[in-house]
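Just passing along the structure, written as structure tokens.
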2 protein chains.
Amino acid sequence: MRAALELFTEQGYDATTVNEIADRAGLTKTTFFRHFRDKREVLFAGQDTLIRLLTDAIDAAPGPATPLEAVSAALDALTAAFTDDRRDVGARLRPVIAGHTELQERSALKRAKLAEAMTDALHKRGVSEPTASLAAELGIRAFYDAFDQWADPASKRTLTELTRRTLDELRTALAALD
Amino acid sequence: MRAALELFTEQGYDATTVNEIADRAGLTKTTFFRHFRDKREVLFAGQDTLIRLLTDAIDAAPGPATPLEAVSAALDALTAAFTDDRRDVGARLRPVIAGHTELQERSALKRAKLAEAMTDALHKRGVSEPTASLAAELGIRAFYDAFDQWADPASKRTLTELTRRTLDELRTALAALD
DNA sequence: GAAGTGATGTGACTTGGTAACATCACCATA
DNA sequence: TATGGTGATGTTACCAAGTCACATCACTTC
């Protein structure tokens, strides 16, 4: 993953072949594809871990918690995994993804899968549709909006703080929608 | 597009090569790629048209209309394009997409682009963030949920009716979120 | 009728991605 | 110590997606 991100920023995503990535990592193309489904995935791996963070936190939320409270707890658990030393990785990742449609596609689906996982976890708590998915999508949206701010090197706050604040803003904007 | 959908349902998406699609359409692989960015796109073409329907309708909405009213008008314009004779196309499309991650990715991005276009159109009306994008995303979600129902051959209602009803349900669920 | 234009075909090429088989390190147990 | 199993990697060959340069052909326009 490090080799890939280096090469992508050095030469661009398109100009980098999987063979080059594997070479720099001291491996072979075949081995690369044993670890990543395709060339894109090297930038998005580790999703299962994130999903587990979200769903475990929702499972562990206190019984009387409202859907949004459970989502908020899940986001706390999720964002705690993004320590400040990872901020620059996010910063280098963002422009690469922004410049390539195929990467945006992967990103869009990953996002949807995160929301879906959280939706399912809410269902297990007895939250019905469409409440569950609306709460989940709102939470994921807050996370992504906050991530964008966090990836900016100028930002000093933690991802957790930014996500909480963003979720609050979205909630008040929602209340004023009608 | 017809040739591709036929072959996909006959032999499966993976087992169908672009050469086969082009052959059945009486064309060449090269010509295929002049019309579609890649193999997936043959199932998703025509998005520009849909975007124009949405944005034109929002531009044309009366000045005092609220964001959600403008979105609702846009959805009416959009869904009017899906006449009942297209219902079976949607029905055949759905399982193919559901069975292939690469197609779900494309679908997820298309959906995001529709919401983005509507968001921009709302900005032009003076609607600010995050109200604009929340209204747009809610509308697109209503459209996709309704489309799923509409693609079911058992359903007898028009896509416009289904979308209006779904949007209403989402709004009431939102109001009860807190 | 000549020149321009747009859509298509041809053939060669790169690279992402897969599959079959071989190798090697490591570990367990007889 | 030897034997065999297991998991990760390498080797090789292959297929199909996608690109490119060039040729062709129909059709328009002056």
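Numbers restart at 1 for each chain; the letters A, B, ... are given by sequence-line order, proteins then strands.
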Output yes when at least one side-chain N/O atom of B/Thr28 is less than 4.0 Å from OP1 or OP2 of C/dG9, else no.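 For B/Thr28, the contact criterion (side-chain N or O under 4.0 Å from OP1 or OP2 of C/dG9) is met.
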When you compare the side chains of B/Gln11 and B/Thr16, does any donor N or O come within less than 3.5 Å of an acceptor on the partner?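 B/Gln11 vs B/Thr16: donor-acceptor pair found between side chains.
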Quick test of your reading: applying ring pair (Phe, Tyr, Trp, His ring centres under 6.0 Å), list the pairs with at least one residue in residues 22-60 of chain B, sequence neighbours left out, ordered by first then second residue.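 Checked against ring pair (Phe, Tyr, Trp, His ring centres under 6.0 Å) - neighbours excluded - the pairs reaching residues 22-60 of chain B are B/Phe32-B/Phe36.
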Would you please say whether a donor-acceptor pair under 3.5 Å links the side chains of B/Asp85 and B/Thr83?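 Yes, because at least one side-chain N or O of B/Asp85 sits under 3.5 Å from a partner of the opposite role on B/Thr83.
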Could you tell me how far apart A/Leu7 (CG) and C/dG16 (C1') are, to the nearest whole angstrom?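 One finds 16 Å between C1' of C/dG16 and CG of A/Leu7, rounded.
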Answer yes or no: does a side-chain N or O of A/His35 lie under 4.0 Å from OP1 or OP2 of D/dA8?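 No, A/His35 has no side-chain N/O under 4.0 Å of OP1/OP2 on D/dA8.
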Does B/Arg24 have any salt bridge (Lys or Arg N to Asp or Glu O under 4.0 Å) partners at least two apart in sequence or in another chain, and if so, which?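 Testing B/Arg24 for salt bridge (Lys or Arg N to Asp or Glu O under 4.0 Å), a comparison that skips the adjacent residues, returns B/Glu6, B/Glu10.
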Euclidean distance, atom CG of residue B/Asp23 to atom C1' of C/dG9 [Å, nearest integer]: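 Computing the B/Asp23:CG to C/dG9:C1' distance gives 13 Å.
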Can you classify the ring geometry of A/Tyr13 versus A/His100 as parallel (below 30°), tilted (30 to 60°) or perpendicular (above 60°)?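 Judged by the thresholds at 30° and 60°, the geometry between A/Tyr13 and A/His100 is tilted.
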Each nucleotide of nucleotides 14-25 of chain D classed B (base within 4.0 Å of a protein heavy atom), S (only sugar-phosphate) or -, in 5' to 3' order, makes ---SBBBB----
A/Gln11 CD - C/dT15 P separation (whole Å):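 It works out to 11 Å between those atoms.
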Does a donor on one side chain sit under 3.5 Å from an acceptor on the other, for B/Ser133 and A/Arg141?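 Side-chain D/A pair, B/Ser133 to A/Arg141: present.
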